[in-house]
Protein chains: 2
Amino acid sequence: MTEARTQRELIEESLGFLFEAELLEEIIEVGKVKSLESDQILLDTGDDLLYIPFILDGAIKVSRDRDEEELLLYYIESGDTCAMTLQCTVRKSVSEIRATTIEPSRILMIPIMYMEKWMSNYSSWRRYILESYHSRMTELIETVDAIAFMRLDERLEKYLVDQAKLKGSLEIKHTHQQIAEDLHSSRVVISRLLKQLETKGRIQLYRNRIVLSSI
Amino acid sequence: MTEARTQRELIEESLGFLFEAELLEEIIEVGKVKSLESDQILLDTGDDLLYIPFILDGAIKVSRDRDEEELLLYYIESGDTCAMTLQCTVRKSVSEIRATTIEPSRILMIPIMYMEKWMSNYSSWRRYILESYHSRMTELIETVDAIAFMRLDERLEKYLVDQAKLKGSLEIKHTHQQIAEDLHSSRVVISRLLKQLETKGRIQLYRNRIVLSSI
DNA sequence: TCCTGAATGTGACTTTTGTCACTTTTCATT
DNA sequence: AATGAAAAGTGACAAAAGTCACATTCAGGA
């Protein structure tokens, strides 16, 4: 009972301001909360899409991978969903991306069958879905911008700033190897560029830890 | 009268199979057909989004541009719409992309005010909007893949093949300069790589014209 | 046919990024 | 405190892509 109450409160807190009361009740009724540690794969390339995941708390990174090579696409946070999964209502399909927790996270899983029903019944749902798609498109385009128009050192700095904003801290606890994977580069190159950023006074380097001078 | 009849037939032919009859009638009633020559800008970065454009015939390329630099994102064809414009119902916004005709095209312009109404009334409309968003997302991801994971010579070959498929012809009537812009590279580099492709027997080069050996 | 501007070709060079083969540092265990 | 594995640093080199300056070629109008 306590557990159920807590769950209701959690959902109300994260999603309450997004949906009308009636829909929220339905969501609470049919959704299952899943708790994940950091660095767990929530959804992998090729997985069947059976649920629409809503992030209640924590944070997720969405990345593309092609034969072992990876590239960070965007992050999703509390209140967001993964737009790539929304398609499943229309046509059964599999994931084209990988979603990984980057913090301990709680995720509300809604079976896809409710998607179509809610689309016709709730304007708040329609609004939410369209907003989600649009945000994700915009973020994807921002990613394209970065890869196409920026040099790696600029992308690296942007990456560090984005991370800091996301975590709300100037301290980034990543190894150079992890950063290299997110940016689809190599560890040696990232180490080199980080050293340059340190020389320029933008960051301080420690083992497993980078401290940004400012955002 | 003849003009109106032709217009109705055109819309029915391009969009008829997508929407239920009743919605199609509404579309025909409120939409305005716009005819554009090749290489006309339909929508530019920063433009207000007031209409949802449906491609009736012809073809459009959608590209991102940042201070004079350009990058091709994807193409849209008959029956498609530009997903980036769909957001406008929810929140007034401006375009983040540029849409340019690459063939003489006819486009049906629907005032955005109908979007929300149709979303609640027509399941075919909902399905169409979701499908559009998803297709565009998928294409954007494909573009990200290309930029992130492929070398320029591979991207160039993919570009030529895509063009050929789009136009339904092995002959591509572009200057090296135009290709360089779409791929966000420089003319000299593209000329060099095209020469390599010719040496490998993949293409034949002429002035203003490239002929693919096979798709 | 000749001329001209646009399109294409080319060599020499630079910058950016990636790769390889190591060494050194750091931190958490014994 | 010793040690061992992971993380980070480093020099030398290679590959990919971009830049510059100029030469050549072509297509279409005068």
Side-chain angles (χ1 to χ4, degrees), chain A residues 38-39 66-72 143-160 163 171-212, chain B residues 38-39 66-72 143-160 163 171-212:
Chain A
S38 202
D39 299 308
R66 262 171 59 139
D67 21 79
E68 304 303 293
E69 300 186 285
E70 208 167 328
L71 177 77
L72 172 65
T143 303
V144 170
D145 272 9
I147 316 178
F149 300 130
M150 290 162 71
R151 280 204 320 277
L152 191 52
D153 54 351
E154 299 173 291
R155 280 176 63 209
L156 176 57
E157 203 170 342
K158 173 170 158 38
Y159 173 87
L160 295 174
Q163 272 289 323
E171 194 177 74
I172 293 139
K173 291 187 170 169
H174 279 172
T175 65
H176 299 183
Q177 182 61 49
Q178 288 173 312
I179 299 174
E181 281 161 19
D182 280 346
L183 296 178
H184 188 248
S185 176
S186 79
R187 201 270 310 164
V188 181
V189 171
I190 295 299
S191 291
R192 190 154 65 203
L193 294 176
L194 282 171
K195 206 81 209 143
Q196 286 175 20
L197 282 177
E198 190 178 42
T199 309
K200 283 197 227 158
R202 316 280 207 166
I203 58 173
Q204 286 164 280
L205 293 175
Y206 305 92
R207 188 189 175 87
N208 292 319
R209 198 158 60 93
I210 296 166
V211 180
L212 260 173
Chain B
S38 203
D39 300 307
R66 262 171 57 140
D67 21 78
E68 304 303 294
E69 299 186 284
E70 209 168 328
L71 176 77
L72 171 65
T143 303
V144 170
D145 271 9
I147 315 177
F149 300 129
M150 289 163 73
R151 282 207 317 280
L152 191 52
D153 54 352
E154 299 173 291
R155 278 176 64 209
L156 175 57
E157 203 169 342
K158 174 170 157 38
Y159 173 88
L160 296 174
Q163 273 289 323
E171 193 175 75
I172 294 138
K173 291 189 170 167
H174 280 172
T175 65
H176 300 182
Q177 182 62 49
Q178 289 173 310
I179 299 174
E181 281 161 20
D182 280 347
L183 296 178
H184 188 249
S185 176
S186 79
R187 200 272 308 163
V188 180
V189 172
I190 296 299
S191 292
R192 191 154 64 203
L193 294 177
L194 282 171
K195 207 81 209 145
Q196 285 175 22
L197 282 177
E198 190 179 42
T199 309
K200 284 197 228 156
R202 315 279 207 168
I203 56 172
Q204 286 164 281
L205 293 174
Y206 306 92
R207 190 188 177 86
N208 292 318
R209 199 159 59 92
I210 297 167
V211 180
L212 260 173

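To find a chain, count down the sequence lines: A is the first, B the second, and so on, and within it residues start at 1.
- With sequence neighbours excluded, the residues that form a side chain to side chain contact (heavy atoms under 4.5 Å, CB included) with A/Ser38 are A/Pro104.
- Contact annotation: the side chain of A/Glu198 approaches that of A/Lys195 to within less than 4.5 Å [non-hydrogen atoms, C-beta and beyond].
- Annotation: side chain to side chain donor-acceptor pair (under 3.5 Å) contacts of B/Glu69 (sequence neighbours excluded): B/His184.
- The heavy-atom pair separating A/Ser186 from A/Ala180 by the smallest distance is C-CB, 3.6 Å.
- First and last contacts of DNA chain D with chain A, using any nucleotide atom under 4.0 Å from a protein heavy atom and ordered 5' to 3', fall at D/dA6 to D/dA12.
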Between B/Phe149 and A/Asp67, does a side-chain contact (heavy atoms from CB on, under 4.5 Å) hold up when you go through it step by step? CA-CA 10 Å; B/Phe149 300 129; A/Asp67 21 79; over 6 Å; no
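- Against DNA chain C, the stretch residues 144-160 of chain A makes heavy-atom approaches under 4.0 Å through A/Arg151, A/Leu152.
- Surrounding NZ of B/Lys200 are more than 12 heavy atoms belonging to other residues, nucleotides or ligands, all under 6.0 Å away.
- Partners of B/Ala146 according to the side chain to side chain contact (heavy atoms under 4.5 Å, CB included) rule, which considers only residues two or more places apart in sequence or in another chain, are B/Met150, B/Arg155, B/Lys158.
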Using atom types as modelled, flag every donor-acceptor pair under 3.5 Å from a side chain in residues 203-211 of chain B to any protein atom, sequence neighbours excluded.
from, atom 1, to, atom 2, distance (Å)
B/Gln204, NE2, B/Tyr206, OH, 3.2
B/Arg209, NH1, B/Glu171, OE2, 2.9

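- Atom CD1 of A/Ile190 is separated from atom NE2 of A/His176 by 9.0 Å, given to the nearest 0.5 angstrom.
- A/Thr143 pairs by the side chain to side chain donor-acceptor pair (under 3.5 Å) definition with nothing, not counting sequence neighbours.
- DNA chain D lies under 4.0 Å from at least one heavy atom of each of the following residues of residues 198-211 of chain A: A/Leu205, A/Tyr206, A/Arg207, A/Asn208.
- The outermost nucleotides of DNA chain C lying under 4.0 Å from heavy atoms of chain B, listed 5' to 3', are C/dG5 to C/dA12.
- Along DNA chain C, the nucleotide closest to B/Arg192 and the one closest to B/His174 are compared, and the more 5′ of them pairs with B/His174.
- Looking only at distances, a side-chain donor or acceptor of A/Gln178 sits under 3.5 Å from a matching main-chain atom of A/Thr175.
- For the segment residues 181-190 of chain B, the set of residues with a heavy atom within less than 4.0 Å of an atom of DNA chain C comprises B/Arg187, B/Val188, in numerical order.
- Not counting sequence neighbours, the partners of B/Asp182 by the side chain to side chain donor-acceptor pair (under 3.5 Å) test are B/Lys61, B/Tyr159.
- In this structure A/Asp153 satisfies the side chain to side chain contact (heavy atoms under 4.5 Å, CB included) test together with A/Arg151, A/Leu193, sequence neighbours excluded.
- Here CG of A/Leu212 is found 4.5 Å from CD1 of A/Ile172. Values are rounded to the nearest 0.5 Å.
- Between B/Arg187 atom CZ and B/Gln177 atom CD the span is 7.5 Å, to the nearest 0.5 Å.
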